[in-house]
Amino acid sequence: MDADVSDSPGTPADPDRPDNADSSAGDGRTEGAREAAGAPPQDDASPTAARAAGKAGKAGKAGDGTWGARPERNPGEHRRRWLRWTALAASFLVLIAAGAGWWLYKKLDGNITTDTSAAAELKAYEKDRPLPIARDAQNILLIGSDTRSGDNSAYGRDDGGSQRSDTTILLHLAADRRSATAVSIPRDLMTAIPACHTPEGKATKEQFAQFNWAFELGGTACTIRTVEKMTGIRVDHHMVIDFSGFKDMVDAVDGVEVCLKKPVDDADAHLELPAGRQTLDGEEALGYVRARKSIGNGSDTERMDRQQKFLGALVNKMQSNGVLLNPTRLYPVLDAATKSLTTDPGLDSLRDLYDLVRGMRNVPTDKVQFLTVPRQSYRADANRDELVQPAADQLFTALRKDEPVAVVPADEMNSGDSQTDHSSEKDSSGQKPGDSDASPTPAPTYSGSNASEDPCAP
């Protein structure tokens, strides 16, 4: 057989094609075999197209595994995938935030102690209590507990955990929430204490005694009933705060600024301070508001005045520093307050307290006023106090009816030790109240301070 005759069927190889080209002509051989078998050729399978397809196939194989040879992704698909991941991450963060928020809420809410015994005692004497007069106004009794048990034992001898009322303030919130008046009641004020029940359930008799006996005899309920009997004002809510709670609140706002005319060195109050303007931390602040013998003339009247000015400075700092409007800064304050707070059932939740704070945050600092009930030395005992009348009743009537009360610094008052009503019975035109064309009677004015005052002002 001749050497140039192929034994295999099909078209003989092209003698003019280089040997290295036939390794890439797989598609050509397939086409030749299809023709030999009598199959019709494909319309688009010309030799030129076949060679082009072969080259494209080779290029595709050579490019596999490289980024440049891969097809481009649809931009819309990439954007949708990014949005899905963003939504998933945002949902996860919201879930974490919601869980953390709920945990913080439950923690603060669980800090508050509910005074159910006082609520039951007050309910039993409901018919003897005064009725509220001013709609939407609120009267809250704030009691500083002087118990020396537990964490407070460092501040004095523990008399078996007996409770004492070191500070009592009647806080009146105006119905329009544009003013707040805090009235201090001296612990040594002689007043009528109604029949109450001791924590053990033993009945006490009605008696005329110093005011803070009410708390020691019958606790919060007896103190509330004593205040209501004295003032004729319905107490809507009450809060009892002990020493540790006060300290923590001051520390939570990074201290409170005061101004001392003279240095203080009081071992009993754990207090040693230089003269001048300074910022007190919680421990120092507690000693400052409790000190008696080492600051000023040592009277309880001056101590109450110091307490009022300190509370005013505390309120001022909380408002000026945006604490009430900043949840991050407000949380430590609420945590400190609720840890040592006992309230009636109407204020025993964080939501109730938040509503109360929210209602006060718009009160201008110069309308947050502090004063002491008009009082003077008790005639039978100079170490005790008694109310000055009719100034005291005029104050109580104004608060009961939610009418304005004005305060001025003590050095602007004309009286000495006693506080009296300095509202004029005539206006500037000389007309008496009650005349048909007379101007409204001026608000009664008392010695006191407001939260906007500079502690170092002369």
Side-chain angles (χ1 to χ4, degrees), residues 142-159 161-169 182 184-188 212 215 239-318 321 323 332-333 336-337 339-341 370-372 383 385 409-410 448-449 451 453-458:
L142 308 177
I143 302 175
S145 172
D146 196 19
T147 178
R148 304 303 174 87
S149 60
D151 293 339
N152 295 329
S153 59
Y155 303 103
R157 180 171 52 88
D158 181 6
D159 297 329
S162 63
Q163 55 185 1
R164 300 174 182 176
S165 173
D166 186 66
T167 301
T168 304
I169 297 175
S184 295
I185 302 176
R187 62 183 183 181
D188 294 334
N212 68 340
F215 192 75
M239 298 181 186
V240 181
I241 305 175
D242 70 15
F243 291 162
S244 59
F246 176 82
K247 287 195 310 176
D248 292 343
M249 283 185 65
V250 173
D251 286 333
V253 297
D254 299 324
V256 174
E257 189 177 75
V258 299
C259 195
L260 297 176
K261 296 180 179 179
K262 297 180 180 180
V264 176
D265 188 0
D266 190 329
D268 293 336
H270 306 276
L271 189 65
E272 185 174 353
L273 299 171
R277 186 187 296 269
Q278 55 203 290
T279 299
L280 305 185
D281 61 22
E283 189 74 30
E284 293 168 335
L286 179 59
Y288 177 74
V289 299
R290 295 191 67 246
R292 234 179 126 167
K293 300 177 181 178
S294 59
I295 303 179
N297 59 16
S299 68
D300 194 46
T301 299
E302 186 171 276
R303 186 175 71 104
M304 284 186 294
D305 179 66
R306 190 165 62 250
Q307 291 174 349
Q308 293 167 6
K309 289 182 178 179
F310 185 88
L311 291 176
L314 176 60
V315 171
N316 191 13
K317 183 165 187 179
M318 292 178 68
N321 287 17
V323 174
V333 178
K339 280 180 180 178
S340 302
L341 187 65
F370 299 87
L371 68 149
T372 302
N383 293 319
D385 293 327
S449 61
E453 294 181 4
D454 184 343
C456 283

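- Taking the side chain as every heavy atom from C-beta outward, Asp454 and Arg277 approach each other to under 4.5 Å.
- Asp188 places none of its side-chain heavy atoms less than 4.5 Å from the side chain of Asn383.
- Taking CE of Met239 as the reference point, atom CG of Leu142 lies at 6.5 Å (rounded to 0.5 Å).
- Taking each heavy atom of Glu453 and Pro409 in turn, the nearest pair found is OE2-CG, 4.4 Å.
- Judged as a side chain to side chain contact (heavy atoms under 4.5 Å, CB included), and not counting sequence neighbours, the contacts of Thr167 are Ile169, Gln307.
- Not one N or O on the side chain of Asn212 forms a donor-acceptor pair closer than 3.5 Å with the backbone of Phe215.
- Thr168 is not listed as a side-chain neighbour of Arg187, based on a closest heavy-atom distance of 4.5 Å or more.
- Not counting sequence neighbours, the partners of Gln278 by the side chain to side chain contact (heavy atoms under 4.5 Å, CB included) test are Val258, Leu260, Leu273, Pro274, Leu280.
- The line from CD of Glu284 to CG of Asp251 is 9.5 Å long, rounded to the nearest 0.5 Å.
- Partners of Asn316 according to the side chain to side chain contact (heavy atoms under 4.5 Å, CB included) rule, which considers only residues two or more places apart in sequence or in another chain, are Ser320, Thr365.
- Closest non-hydrogen pair, Met318 versus Val253, comes out as CG-CG1, 4.0 Å.
- Between Ser340 and Gly245, the closest heavy-atom pair is OG-N, 3.3 Å.
- For Met249, the side chain to side chain contact (heavy atoms under 4.5 Å, CB included) partners at least two apart in sequence or on another chain are Val333, Ala336, Ala337.
- Evaluation of the side chain to side chain donor-acceptor pair (under 3.5 Å) rule for Ser449 yields no partner, not counting sequence neighbours.
- Summarising the geometry of Ala285 relative to Phe310, their closest heavy-atom pair is CB-CZ, 3.3 Å, with the distance given to 0.1 Å.
- One distance of note links OH of Tyr288 with CG of Asp266; it measures 13.0 Å at 0.5 Å rounding.
- In this structure Asp305 satisfies the side chain to side chain donor-acceptor pair (under 3.5 Å) test with no other residue, sequence neighbours excluded.
- No donor-acceptor pair under 3.5 Å is formed between the side chain of Lys317 and the backbone N or O of Val250.
- Atom CD1 in Ile241 sits 14.5 Å away from atom NZ in Lys247 (nearest 0.5 Å).
- Closest approach of Gln308 to Thr372, counting heavy atoms only: NE2-OG1, 2.8 Å.
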